[in-house]
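Okay, structure first, notes after.
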Number of protein chains: 2
Amino acid sequence: MLKTYSISEVAKELNLTVYTLRYYDKEGLMPFVERKPSGTRLFKESDIEALKVIECLKSTGMPIKEIKVFIDWCSDGDFTLQQRYDMFVERKAVVEAQLEELNKTMELINHKCQYYKTALDAGTEDIHKNNKIGSF
Amino acid sequence: MLKTYSISEVAKELNLTVYTLRYYDKEGLMPFVERKPSGTRLFKESDIEALKVIECLKSTGMPIKEIKVFIDWCSDGDFTLQQRYDMFVERKAVVEAQLEELNKTMELINHKCQYYKTALDAGTEDIHKNNKIGSF
DNA sequence: TTAATCCTTAGAGTTAACTCGAGGTCAAGC
DNA sequence: GCTTGACCTCGAGTTAACTCTAAGGATTAA
């Protein structure tokens with residue numbers, strides 16, 4: 001017999017709330033989770049892995065409705081393999097763009113750290129007044 | 001005389017809508033933008049730079065209300081230099097964490113690209129059935 | 001001078017993703 | 001048998017960040 005987990009155990013493991021997990025279920029992201037006759041959800045190890053993939057997609061900015069489309073493809077069998085592959089290739093491009101964006105952000109933040117360090121040492125922001133760049 | 005820009009010019013430049021810019025103004029993010037006697041906003045080059053900083057902070061996930069606190073500090077003068085410096089140092093840590101997270105995401109996405117490429121070549125997902133990892 | 005194209009304001013509507021409360025079920029321990 | 005605590009559903013409420021509408025004023029081009 002495979003070990004199963006309760007919704008609160010899964011919530012703790014994935015750093016989500018039970019509310020959020022039930023919300024995901026309501027939105028159709030967890031059709032694979034089985035139930036006791038009483039209705040209580042029984043999460044298998046593989047369900048937790050699936051939820052990690054869902055979290056991964058979410059962290060790329062994919063809306064829940066689109067994630068549901070992917071989950072539906074998973075239930076639909078092999079003839080959706082191409083769509084699923086294409087989806088991940090597209091996600092890869094998205095994440096690459098996000099990484100680039102985030103690196104630019106980091107550059108500006110670093111610049112501002114420098115800017116304020118200099119100003120702080122001088123005791124005034126005026127130290128940057130004659131500088132065409134970075135005054136704000 | 002310094003060249004000024006209309007709200008729609010700025011919107012185009014920053015890839016925002018005029019609605020969004022007016023919303024930011026309403027939320028207090030743009031106290032520095034001057035007006036014609038008729039009320040029309042006149043954006044200076046430095047205002048656009050300031051908006052780029054705002055966009056940068058926003059892209060780190062900072063909520064608009066917190067950005068407003070920073071903007072207020074900027075108006076308050078040199079005695080808020082320490083706070084502003086601390087804020088950027090903290091943002092730097094946030095962005096570093098985001099980069100780490102995004103790199104993990106990229107790893108999983110790459111793994112899934114591989115997974116589906118293999119499945120696609122085999123014509124079936126069953127190829128991964130005996131594989132403890134990655135079945136979904 | 002008249003129309004088009006900006007701009008203004010206040011405030012209502014939208015969307016996504018939760019977040020929670022009410023009311024009920026179920027299983028374990030005293 | 002009764003209490004406790006964790007589970008369930010349904011549906012309403014919340015929040016952030018827009019997004020837009022309505023009503024009207026200013027500016028420009030033919």
Side-chain angles (χ1 to χ4, degrees), chain A residues 1 3-44 47-48 51-71 94 98 101 105, chain B residues 1 3-44 47-48 51-71 94 98 101 105:
Chain A
M1 280 297 123
K3 176 158 177 27
T4 60
Y5 303 84
S6 73
I7 194 165
S8 59
E9 287 172 320
V10 174
K12 186 176 267 184
E13 164 98 13
L14 298 179
N15 255 309
L16 297 169
T17 67
V18 294
Y19 298 132
T20 302
L21 283 172
R22 288 202 271 251
Y23 165 68
Y24 287 176
D25 199 5
K26 193 153 46 174
E27 293 302 307
L29 301 191
M30 290 151 53
F32 40 75
V33 175
E34 306 201 18
R35 308 277 191 127
K36 281 193 220 175
S38 63
T40 300
R41 274 167 274 248
L42 295 172
F43 291 81
K44 300 182 292 297
D47 296 342
I48 296 176
L51 279 164
K52 282 182 188 167
V53 174
I54 287 170
E55 285 305 287
C56 168
L57 290 173
K58 214 157 58 70
S59 80
T60 72
M62 188 181 247
I64 279 168
K65 278 179 187 174
E66 266 178 66
I67 298 177
K68 179 177 162 30
V69 171
F70 165 68
I71 297 293
V94 167
Q98 287 174 342
E101 184 68 24
T105 296
Chain B
M1 281 295 124
K3 176 157 177 27
T4 60
Y5 303 84
S6 74
I7 195 167
S8 60
E9 287 173 318
V10 175
K12 186 176 267 186
E13 164 98 13
L14 298 179
N15 255 310
L16 298 169
T17 67
V18 294
Y19 298 132
T20 303
L21 283 171
R22 289 201 272 251
Y23 165 68
Y24 287 176
D25 200 4
K26 194 154 43 175
E27 293 301 307
L29 301 190
M30 290 150 53
F32 41 76
V33 175
E34 306 201 17
R35 308 277 190 128
K36 280 194 222 175
S38 63
T40 300
R41 274 169 275 248
L42 295 172
F43 291 81
K44 300 182 292 298
D47 297 342
I48 296 176
L51 279 164
K52 283 182 187 166
V53 175
I54 288 169
E55 285 306 287
C56 169
L57 290 173
K58 213 157 57 74
S59 80
T60 72
M62 188 181 247
I64 278 168
K65 278 178 189 175
E66 265 178 67
I67 299 177
K68 180 178 161 29
V69 171
F70 165 67
I71 297 293
V94 167
Q98 287 173 343
E101 183 68 23
T105 296

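Throughout, protein chains are lettered first and strands after them, A, B, ... in sequence-line order, and every chain is numbered starting at 1.
Comparing V18(B) and G61(A) by the nucleotide of DNA chain C that holds the closest heavy atom to each, the one mapping nearer the 5' end is V18(B). When the nearest nucleotides of DNA chain D are assigned to S38(B) and R35(A) by heavy-atom distance, the more 5′-ward of the two goes with R35(A). Between K65(B) and I7(A), it is I7(A) whose nearest contact on DNA chain D lies nearer the 5' terminus.
Checking side-chain atoms of E66(A) against main-chain N and O of P63(A) turns up no donor-acceptor pair under 3.5 Å. In this structure, Q98(B) contributes its side chain and T60(B) its backbone to a donor-acceptor pair below 3.5 Å.
Within the nucleic acid shown, K26(B) comes within 4.0 Å of at least one base atom, counting heavy atoms only. At the heavy-atom level, R41(A) lies under 4.0 Å from the strands shown only through sugar-phosphate atoms. Among the atoms of the strands shown, only primed sugar atoms or phosphate atoms (P, OP1, OP2) are found under 4.0 Å from some heavy atom of S8(A). Within 4.0 Å of T17(A), counting heavy atoms only, lies no atom of the nucleic acid at all.
K26(A) forms no cation-pi arrangement with Y24(A), by the criterion of a distance under 6.0 Å to the ring centre and an angle within 45° of the ring axis.
The nearest whole Å value for the distance from the CG atom in L29(B) to the C1' atom in dA16(D) is 13 Å. In this structure, Y5(B) atom OH and dC6(C) atom P are separated by 18 Å, rounded to whole Å. Regarding L21(A), its CG atom lies at a distance of 15 Å from the C1' atom of dC20(C), rounded to whole Å. In this structure, I54(B) atom CD1 and dA17(D) atom C1' are separated by 15 Å, rounded to whole Å. Taking atom CE on M62(A) and atom P on dA16(C), their separation rounds to 14 Å, with Å as the unit. Across the protein-nucleic acid pair, L57(A) atom CG and dA16(C) atom C1' stand 17 Å apart, rounded to whole Å. Computed from coordinates, the K58(B) NZ to dA17(D) C1' distance equals 8 Å when rounded to whole Å. Rounded to a whole Å, the NZ atom of K36(A) is 16 Å from the P atom of dT25(C).
Contact annotation: R22(B) side-chain N/O to dT9(C) OP1/OP2 distance is not under 4.0 Å. In this model, the phosphate group of dC18(D) is approached by a side-chain N or O of Y24(B) to a distance below 4.0 Å at OP1 or OP2.
The pair D47(A)-K52(A) fails the salt-bridge criterion, with no side-chain N (NZ, NE, NH1 or NH2) lying under 4.0 Å from an Asp/Glu carboxylate O. Salt-bridge check for E9(A) with K12(A): failed, with every basic side-chain N at 4.0 Å or more from each acidic carboxylate O.
Among the nucleotides dA17(D), dC7(D), dA17(C), the one closest to the side chain of Y23(B) is dA17(D). Comparing atom distances between the Y19(A) side chain and each of dT19(C), dC20(D), dA17(D) picks out dT19(C) as nearest.
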